[in-house]
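Quick note on labels: first sequence line is chain A, next is B, and so on, each numbered from 1.
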There are 2 protein chains.
Amino acid sequence: MRQLKVFESISVDGYFADSNGEIDWAHAGRDDAEFANWVGGNANSGGELLFGRKTYQMMEAFWPTPMAAEQMPEVAKGMNERRKYVASRTIIPAWSNTHLLQGELSKAVRELKDSNGPDIVVLGSGTVVAQLIDAGLVDSYQFVIIPVALGSGRRLFPKDCKLRLVDSRVFRCGNVALTYAA
Amino acid sequence: MRQLKVFESISVDGYFADSNGEIDWAHAGRDDAEFANWVGGNANSGGELLFGRKTYQMMEAFWPTPMAAEQMPEVAKGMNERRKYVASRTIIPAWSNTHLLQGELSKAVRELKDSNGPDIVVLGSGTVVAQLIDAGLVDSYQFVIIPVALGSGRRLFPKDCKLRLVDSRVFRCGNVALTYAA
């Protein structure tokens with residue numbers, strides 16, 4: 001069975017987005033070459049991507065553009081070429097290699113996990129992540145803890161979960177990547 | 001001027017206490033000798049301690065007891081011997097070396113910081129910490145990130161704050177200690 005991995009930038013006070021849904025505070029490490037390389041490596045790891053509607057629309061509006069290709073060529077290439085899924089009843093995806101996930105989310109994701117293919121990575125997409133946690137479908141979490149507190153915002157976990165730390169990495173910019181098994 | 005340090009166990013989703021105010025989920029590393037030694041070393045670092053009423057009453061009910069002396073002798077000794085302050089208008093402290101902080105909290109803490117002595121460490125005491133953050137009186141934070149998500153609970157930061165990562169340590173039990181300068 002394929003692994004479902006959740007990748008999130010979170011504040012030290014546990015939010016993945018601020019109270020307006022923005023994530024611009026998470027760009028702390030943009031000028032840290034080591035962190036940027038690590039993110040680039042992740043983006044080209046070959047896994048498939050799964051998004052909720054809001055995160056998908058932010059991504060679709062950025063990664064296919066010439067600006068993305070110039071600013072972050074490696075990440076942009078990976079994001080555009082990878083197979084992507086978006087859970088939505090309302091949009092028609094225009095981004096390359098994107099497929100709609102239709103019907104009940106947990107059923108659709110369970111079928112995806114049971115099919116052949118590489119690991120599936122969820123980026124952002126808090127609403128989707130909460131549903132997948134509730135359905136017990138998340139296998140691991142990679143959190144990049146950004147050195148900022150937000151005071152308020154959107155949180156990921158709809159219920160309590162015991163986790164197991166399996167990897168950690170500290171970057172010069174102050175970001176800390178912690179990987180947990182569910 | 002003395003440094004004011006905040007020390008908190010927090011869940012990966014950013015809570016320092018669950019929605020009932022309990023912190024029993026934070027005892028994950030109790031059986032990890034390396035982590036226990038590190039906590040013991042902190043408890044005997046010589047700093048003074050500052051508490052809000054609720055945390056103080058939990059501590060006062062445990063650390064002076066024979067059970068504490070048997071379970072965690074080093075930590076108990078440190079906790080009992082150190083100079084302690086409690087911010088409360090209602091209680092009369094019975095724990096050894098404890099002094100009441102009276103009047104307006106930020107004024108009292110500013111005076112403490114301006115007086116001579118070792119660093120001051122706040123443990124738990126979320127209400128007090130929020131007031132000290134608001135007043136700009138916190139110099140650094142040490143968070144022990146426990147490998148658990150709570151889903152709901154009590155949060156520390158009343159507003160957004162940029163932090164600077166200055167130290168990190170990963171323990172076998174999966175706890176991760178991250179130290180930030182304010």
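Only the side chain of B/I10 comes within less than 4.5 Å of a heavy atom in chain A; its backbone stays farther off. Looking at B/V170, only its side chain comes within 4.5 Å of chain A, counting heavy atoms on both sides. Only the side chain of B/L178 comes within contact range of chain A, judged by heavy atoms closer than 4.5 Å.
A distance of 13.0 Å separates OG of B/S152 from CZ of A/F157, quoted to the nearest 0.5 Å. The structure places CD1 of A/I145 at 11.5 Å from CG of B/L163, a figure rounded to the nearest 0.5 Å.
When side chains are defined from C-beta on, B/V176 counts as touching A/L165, because their heavy atoms get closer than 4.5 Å.
Within 6.0 Å of the NZ atom in B/K159, the count of heavy atoms belonging to other residues, nucleotides or ligands exceeds 12. Surrounding NZ of B/K5 are at most 12 heavy atoms belonging to other residues, nucleotides or ligands under 6.0 Å away. Atom NZ of A/K113 has more than 12 heavy atoms from other residues, nucleotides or ligands within 6.0 Å. No more than 12 heavy atoms of other residues, nucleotides or ligands lie within 6.0 Å of CD1 in B/I23, so this atom counts as exposed by the packing criterion.
Both B/L101 and B/L4 sit in one connected hydrophobic cluster of ILVMFWY residues. Membership requires side-chain heavy atoms under 4.5 Å apart, directly or through other members. Criterion: ILVMFWY side-chain heavy atoms under 4.5 Å apart, direct or through other members. Under it, B/M59 and B/V129 are not part of a common hydrophobic cluster.
For chain A, the option among B/A149, B/A130, B/S11, B/G174 with the highest count of heavy-atom pairs below 4.5 Å is B/A149.
Cation-pi geometry between B/R155 and A/Y15 is met: the NZ or CZ atom falls under 6.0 Å from the ring centre, inside 45° of the normal.
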